[in-house]
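Only one structure is covered here, and it is reproduced in the block below.
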There are 2 protein chains.
Amino acid sequence: MPDLNFSVLRFVPREGGYARGQEGFELILKTAVSVLVEHGYKDMTLRRIAKECGMKAGNISYYFKSKDDLVRALLQAISGSYETAISEATAGAGGDPESKLTQLISFILQDGTTRQTSYLFPELWSLANHDTFAKQCVDELYLSEHQRFDEIIGELNPALSADDRSVLSTFILSSIEGIGVFAGYGKYWQDAMPQLQATACRCFLEFVKSAKPGVSGTLSASAPELKP
Amino acid sequence: MPDLNFSVLRFVPREGGYARGQEGFELILKTAVSVLVEHGYKDMTLRRIAKECGMKAGNISYYFKSKDDLVRALLQAISGSYETAISEATAGAGGDPESKLTQLISFILQDGTTRQTSYLFPELWSLANHDTFAKQCVDELYLSEHQRFDEIIGELNPALSADDRSVLSTFILSSIEGIGVFAGYGKYWQDAMPQLQATACRCFLEFVKSAKPGVSGTLSASAPELKP
DNA sequence: TGCAATTCTTGACATATGTCAAAATATGAG
DNA sequence: CTCATATTTTGACATATGTCAAGAATTGCA
């Protein structure tokens with residue numbers, strides 16, 4: 001069984017109960033994530049989770065009144081954990097906005113090389129496409145990442161408007177996440193990840209620094225203007 | 001029921017049989033794709049496909065000896081269809097390598113705004129993570145896209161080495177695909193897609209044209225060299 | 001129009017799933 | 001230790017799934 005390591009998987013604390021109760025609660029969620037990663041949502045059954053927990057399926061119904069409930073807790077825990085991780089990763093960055101951007105990009109790409117992240121996110125994206133609550137969790141997660149990019153871009157190029165910043169943030173964030181799909185754990189271009197990381201840092205840093213206000217205008221809108 | 005439009009869904013032709021047989025065969029595959037898109041792989045059951053086909057579940061077993069067989073045919077049809085679409089989309093591009101790159105990027109992003117593509121690919125990525133055959137189909141699809149980028153980049157900047165070209169192709173391809181996850185059909189940043197498209201074209205075109213040989217070197221390897 | 005090959009339905013099977021109630025067991029404050 | 005509370009197992013339920021065999025219905029060539 002491959003190693004799974006969330007830096008920290010954060011749970012909403014349980015009200016009342018014994019210590020054992022909290023253990024069981026967290027074990028179920030951790031194991032559920034593991035099953036989701038290793039087998040996909042399609043095969044994430046209560047009996048499978050229970051078996052890997054060393055307990056019986058009925059016991060999960062004691063902690064979660066339905067599978068839907070379990071999945072919700074799962075999504076919240078995952079979303080919250082990644083938000084926390086991003087927060088901590090960017091908190092330690094030096095004052096230099098250039099290295100902040102480089103560090104943020106590198107952190108996300110590095111995380112994308114783990115089996116967990118590489119296998120988990122397609123499941124999340126699929127879930128988000130068919131479930132409103134899942135979509136909210138994923139959106140929330142990415143909004144917090146988007147905000148980090150927005151801040152850094154503002155420092156790097158103060159001349160840009162809020163709209164320009166937002167589009168650039170979305171552009172860079174989504175590009176970076178896309179790289180994980182192609183060069184993440186077990187993917188075809190996995191070996192090129194170091195080069196991709198260096199390339200992404202160079203390309204986006206340069207682009208943000210040299211961007212002029214209106215950079216995010218659509219192509220047709222950027223047609224040559226009439227001179228007065 | 002939202003409209004689904006594969007430009008063309010290509011099938012491996014059936015051997016022998018009546019005309020009705022071919023119809024049923026194609027109907028099942030088309031419907032299976034529709035169910036996969038609308039409900040996700042988890043809920044892509046034979047009975048659901050059959051019901052949407054207006055036939056009984058048992059009949060699918062006549063065309064496909066197992067569900068696994070159906071899924072394989074599905075993946076091949078999808079992979080082949082996208083390869084064909086990419087091929088045709090780039091065939092019509094003018095001789096100018098700049099507009100070729102712009103057109104290819106625009107085509108992929110435009111396709112990513114459709115419900116079909118936006119919902120389908122997370123399913124494919126998830127499948128590829130847990131199934132060898134699915135992984136092969138997805139890899140094959142992306143390899144053919146990668147090759148198009150590689151060719152165009154070679155025209156745009158002949159000074160680059162094959163390694164540089166390949167890394168840049170992977171970088172741009174994955175970035176573009178990532179944008180679909182964030183600004184595709186129904187996604188949070190959907191409204192920003194026109195700006196993202198313009199931004200991506202500007203950023204990557206500029207980057208490729210101005211790239212110097214060795215651009216894909218890792219950051220540590222690009223440390224200042226000792227002068228002799 | 002016959003009639004053999006093809007397509008489709010019927011109905012069943014074994015197995016799997018989420019859920020639940022009742023009984024059994026474990027926990028830890030007093 | 002006692003015992004009320006919390007946790008866990010047991011065993012069942014209704015429903016769902018992929019698969020298959022046998023028979024009914026359809027197709028299209030002669």
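In what follows, every chain begins at residue 1, and chains take the letters A, B, ... in the order their sequences are listed.
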Exactly one of B:K100, B:Q103, B:R148 clears side chain to side chain donor-acceptor pair (under 3.5 Å) with B:T90, and that residue is B:R148
Is the side chain of A:H39 donor-acceptor paired with the backbone N or O of A:S34 at a distance under 3.5 Å, no angle test?
no
**Asked** How would you label the contact of B:G17 with the nucleic acid (heavy atoms, under 4.0 Å): base, sugar-phosphate, or nothing?
**Response** sugar-phosphate
A:R20 atom CZ is separated from C:dT27 atom C1', nearest whole Å, by 9 Å
- Task: Remember a base hit wins even if backbone is also touched, and classify B:R48 as base, sugar-phosphate or nothing at under 4.0 Å, heavy atoms.
- Result: nothing
Span of DNA chain D engaged by chain B, first through last nucleotide within the 4.0 Å heavy-atom cut-off, is D:dT17 to D:dG28
Rounded to whole Å, OH of A:Y18 lies from C1' of C:dA26 at a distance of 8 Å
So what does B:G21 hit on the nucleic acid, given a heavy-atom distance under 4.0 Å: a base, only sugar-phosphate, or nothing?
-> sugar-phosphate
Assess whether a salt bridge exists between A:E38 and A:R115, defined as any Lys/Arg side-chain N lying under 4.0 Å from an Asp/Glu carboxylate O. yes
Item checked: A:Y142 and B:F182 aromatic centres sub-6.0 Å -> yes
Here the distance between atom C1' of C:dT6 and atom CG of B:N59, to the nearest Å, is 11 Å
Side-chain donor-acceptor contact under 3.5 Å, B:E140 with B:Q136: no
query: With a cut-off of 6.0 Å (strictly less than), are more than 12 heavy atoms of other residues, nucleotides or ligands near NZ of B:K67?
result: yes
Can you label the angle between the B:Y63 ring and the B:F25 ring as parallel, tilted or perpendicular, going by 30° and 60°? tilted
Base, sugar-phosphate, or nothing: which does A:A57 touch, judged by heavy atoms less than 4.0 Å apart? nothing
Check your understanding: Within a reach of under 6.0 Å around OH of B:Y188, are more than 12 heavy atoms found that belong to other residues, nucleotides or ligands?
Key -> no
Rounded to whole Å, the OH-C1' distance (B:Y62 to C:dT10) equals 17 Å
Before you tell me yes or no, could you show the steps for B:Y82 and B:T117 under side chain to side chain donor-acceptor pair (under 3.5 Å), namely the whole-Å CA-CA distance, both residues' side-chain angles and the distance that decides it to 0.1 Å?
CA-CA 10 Å; B:Y82 273 99; B:T117 291; 2.6 Å; yes
Whole-Å distance, B:Y63 OH to C:dC8 C1', equals 8 Å
Sorted by number, residues from residues 65-73 of chain B placing a heavy atom under 4.0 Å from DNA chain D are B:K65, B:S66, B:K67
When rounded to whole Å, the CG to C1' distance for the pair B:L27 and C:dT7 reads 14 Å
Axis-to-axis angle across the helix from C:dT1-D:dA30 to C:dG30-D:dC1, five pairs each end, nearest 10 degrees, ~ 10°
Taken to the nearest 0.5 Å, the spacing of A:F204 CZ from A:L104 CG works out to 12.0 Å
Note: for B:M44 and B:A19 on DNA chain D, the residue whose nearest nucleotide lies more 5' is B:M44
> For the side chain of B:S79 and the backbone of B:C137, is there at least one donor-acceptor N/O pair under 3.5 Å apart?
Replying inline: yes
